[in-house]
Structure formats: structure tokens, C-alpha cells
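Provided herewith is a single structure, encoded as C-alpha cells, for subsequent inquiry.
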Amino acid sequence: MKKIAIINGHPNKDSFNFGIAEAYKEGALKVGAEVKEITIAELNFDPILHFGYQKRMELEPDLLKAWEIIQWADHLVWIHPVWWGGLPALMKGFLDRLFLPGFTYQYRENSVWWDKLLKGKTAHIMTTLDQPGWYYWLFYGRPSVNQLKKSTLEFCGVKPVKVTYIGVIRNSTEVQRTQWLQQVKELGRRLK
């Protein structure tokens with residue numbers, strides 16, 4: 001049985017991103033997957049890494065519980081909007097606080113290399129946009145995807161990492177949103 005963690009990085013519970021998370025969960029549960037959710041907006045934690053990496057901050061109970069879910073999962077499904085080309089601030093703070101040396105990666109002594117501590121996990125990023133995905137990739141270089149996929153997840157050993165762009169959200173109709181949710185539900189059924 002595949003163990004899936006759905007990590008929702010949108011701070012607004014009324015957003016379409018919550019519908020995406022629910023559709024994926026519904027599809028995955030239909031095929032017998034075990035699903036746990038991390039809704040970053042519901043977590044009680046300080047998103048600021050006040051001391052950088054010079055001094056470790058104590059992890060709040062909600063972050064410790066989120067970390068247990070990430071460790072437990074085989075497959076991580078990240079859902080977030082693209083704002084100003086990047087991740088929402090709260091989601092970035094979640095990554096800053098939790099994806100720490102010794103947790104997700106470990107630099108080797110006297111070396112430029114590191115150990116990837118999340119090897120064996122896979123991921124899927126589902127991101128909503130107010131522009132076509134091809135435009136975001138071609139004209140802006142898809143900075144949020146580069147940050148989450150390459151500089152974070154793959155850096156920590158998560159592979160492969162698939163990406164699904166959903167949008168243009170701003171001008172979407174109810175029919176388009178229903179179609180997108182059906183597509184996401186199918187991704188959940190296929191455990192992708």
C-alpha cells in the first residue's frame with residue numbers, strides 16, 4: 001500500500017488549492033493508498049529561521065508532527081499557488097524550518113558533497129498559476145519549481161519529482177475547474 005503525504009502550501013482554506021488536495025486524496029483513497037495531510041496554514045510555528053543555520057531553533061510540536069508524516073510517506077504531493085514567481089511565504093518558512101541539516105540532508109565533513117537523507121521518496125508538485133504553464137517556464141524559467149523540485153526535494157534525494165501546472169486560474173470557469181479537479185483525481189488514482 002502506497003503511503004502518501006499531501007502538503008498544502010496555500011494559506012487560504014477557501015482557495016482552489018484545497019479543492020485540488022481533496023480531489024487528489026479522493027482518487028488515492030479509491031485505489032487503497034494510505035493518505036495523511038499537512039495543511040501548512042493550520043500549523044502553529046514560527047516560519048522565520050531567526051539564526052540561519054548558526055543555531056538550531058527548537059521545533060514546535062506541529063512541525064515535529066509534520067516531520068513524522070514526511071518520514072512516513074513514500075510519496076509527497078506538494079500543492080501551492082505561484083505568487084510573484086515563487087512559493088507563498090508560509091510554505092517557504094515551513095521548508096526553512098523543517099528541511100534542516102541532519103533531517104533531510106547532511107554535509108560530509110571536509111567535503112563539498114552531502115548525503116541525501118530523503119532517498120527512496122518520490123514527489124509530485126501541483127501548482128496553480130495565473131498564466132499558462134508553458135509561459136511560466138519559457139519566459140520566467142519556472143523559479144518556484146526550480147526552488148522546490150531541484151534546490152529542495154532533489155537536493156534531499158527525492159526522485160523522481162513530477163510537476164503539474166494548473167491554470168490559468170484567474171479567468172477560469174466553473175467547467176474548467178471541474179475538469180482540472182477530475183484530472184487531479186485521476187492522478188491520485190494512478191498514485192502519481
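Along the sequence shown, residues carry numbers from 1.
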* To do: Answer with yes or no whether the hydrophobic clustering places L95 together with L90; edges join I, L, V, M, F, W, Y residues whose side-chain heavy atoms lie under 4.5 Å apart.
  => yes

* Using the side chain to side chain donor-acceptor pair (under 3.5 Å) rule, collect all pairs that involve residues 88-100, keeping only residues at least two apart or in two chains. => E60-R97, K92-D96

* State plainly whether one hydrophobic cluster holds both I48 and L63, where clusters connect Ile, Leu, Val, Met, Phe, Trp and Tyr through side-chain heavy atoms under 4.5 angstrom apart. => no

* Asked: Hey, does the side chain of K121 reach the backbone of A73 with a donor-acceptor pair shorter than 3.5 angstrom?
  -> yes

* Answer whether the closest heavy-atom distance between the side chains of R56 and F51 falls below 4.5 Å. => no

* CD of E22 to NZ of K185: how many Å apart, nearest 0.5 Å? -> 9.5 Å

* Asked: Would a 4.5 Å heavy-atom cut-off, applied to side chains only, mark K119 and D115 as touching?
  -> no

* Asked: Just wondering, do I38 and I70 contact through their side chains at under 4.5 Å, heavy atoms?
  -> yes

* Examine distances only and state if a side-chain atom of T39 and a backbone atom of E42 form a donor-acceptor pair shorter than 3.5 Å. => no

* **Nearest non-hydrogen partners of R177 and S172, listed with the distance** => NE-OG, 2.8 Å

* Asked: What residues join F16 in its hydrophobic cluster, counting side-chain heavy atom gaps under 4.5 Å, either direct or through other members?
  -> I4, I6, I20, Y24, L29, V31, V35, V77, I79, M126, I166, I169, W180, L181, V184, L187, L191

* To do: Could you grab the distance from atom OG1 of T173 to atom CD of Q176, nearest 0.5 Å is fine?
  => 4.0 Å

* Structure fact -> So CG of L59 and CG of L100: to nearest 0.5 Å the spacing works out to 6.0 Å

* Pairs touching residues 149-168 that satisfy side chain to side chain donor-acceptor pair (under 3.5 Å), sequence neighbours left out -> H124-T164

* Structure fact -> Between A5 and W72, the two heavy atoms sitting closest are N-CZ3, 4.4 Å

* To do: Please answer: with hydrophobic residues joined when any side-chain heavy atoms are less than 4.5 Å apart, are L76 and M1 in the same cluster?
  => no

* **CG-NZ distance between L153 and K116, expressed to the nearest 0.5 angstrom** => 11.5 Å

* Same cluster for L117 and W78 if Ile/Leu/Val/Met/Phe/Trp/Tyr side chains link at under 4.5 Å? -> no

* Asked: Is there a side-chain contact between Q179 and Q182, using heavy atoms and a 4.5 Å cut-off?
  -> no

Side-chain donor-acceptor pairs of residues 129-137 under 3.5 Å, sequence neighbours excluded:
{"unit_1": "D130", "atom_1": "OD1", "unit_2": "R170", "atom_2": "N", "d": "2.7"}
{"unit_1": "Y136", "atom_1": "OH", "unit_2": "G85", "atom_2": "O", "d": "2.7"}
{"unit_1": "Y136", "atom_1": "OH", "unit_2": "S144", "atom_2": "N", "d": "2.9"}
{"unit_1": "Y136", "atom_1": "OH", "unit_2": "S144", "atom_2": "OG", "d": "2.7"}

* To do: Compare all side-chain heavy atoms of L118 with those of F99 and state whether any distance is below 4.5 angstrom.
  => yes

* To do: Under 4.5 Å between side-chain heavy atoms, chaining through other members, with only Ile, Leu, Val, Met, Phe, Trp and Tyr counted: pull out the rest of the cluster around F18, sorted by chain and number.
  => none

* Is the shortest distance from a Lys or Arg side-chain nitrogen in R189 or E186 to a carboxylate oxygen in the other one below 4.0 Å? -> yes

* Check whether any side-chain heavy atom of N8 lies under 4.5 Å from a side-chain heavy atom of I40, and answer yes or no. => no

* Asked: For G102, does its backbone N or O pair with a side-chain atom of Q106 as donor and acceptor, under 3.5 Å?
  -> yes

* Asked: Is any side-chain heavy atom of P81 closer than 4.5 Å to a side-chain heavy atom of N17?
  -> yes

* To do: Check the hydrophobic clustering (I, L, V, M, F, W, Y; side-chain heavy atoms under 4.5 Å; chains of links allowed) and say if V168 and I125 are grouped together.
  => no

* Asked: Can you find a heavy atom in the side chain of H10 that is under 4.5 Å from one in the side chain of H80?
  -> no

* To do: Look at the aromatic rings of W114 and F155 and report parallel, tilted or perpendicular, splitting at 30° and 60°.
  => parallel

* Asked: Do other residues, nucleotides or ligands put more than 12 heavy atoms under 6.0 Å from the NZ atom of K3?
  -> yes

* **For F103 against W67, the heavy-atom pair lying closest together** => O-CH2, 3.3 Å

* Is W83 isolated, or which residues cluster with it under the ILVMFWY side-chain rule of less than 4.5 Å, directly or via members? -> none

* Structure fact -> Closest non-hydrogen contact found for N146 with G141 is ND2-O, 2.7 Å

* Asked: Are E34 and K2 close enough for a salt bridge, meaning some N to O gap below 4.0 Å?
  -> no

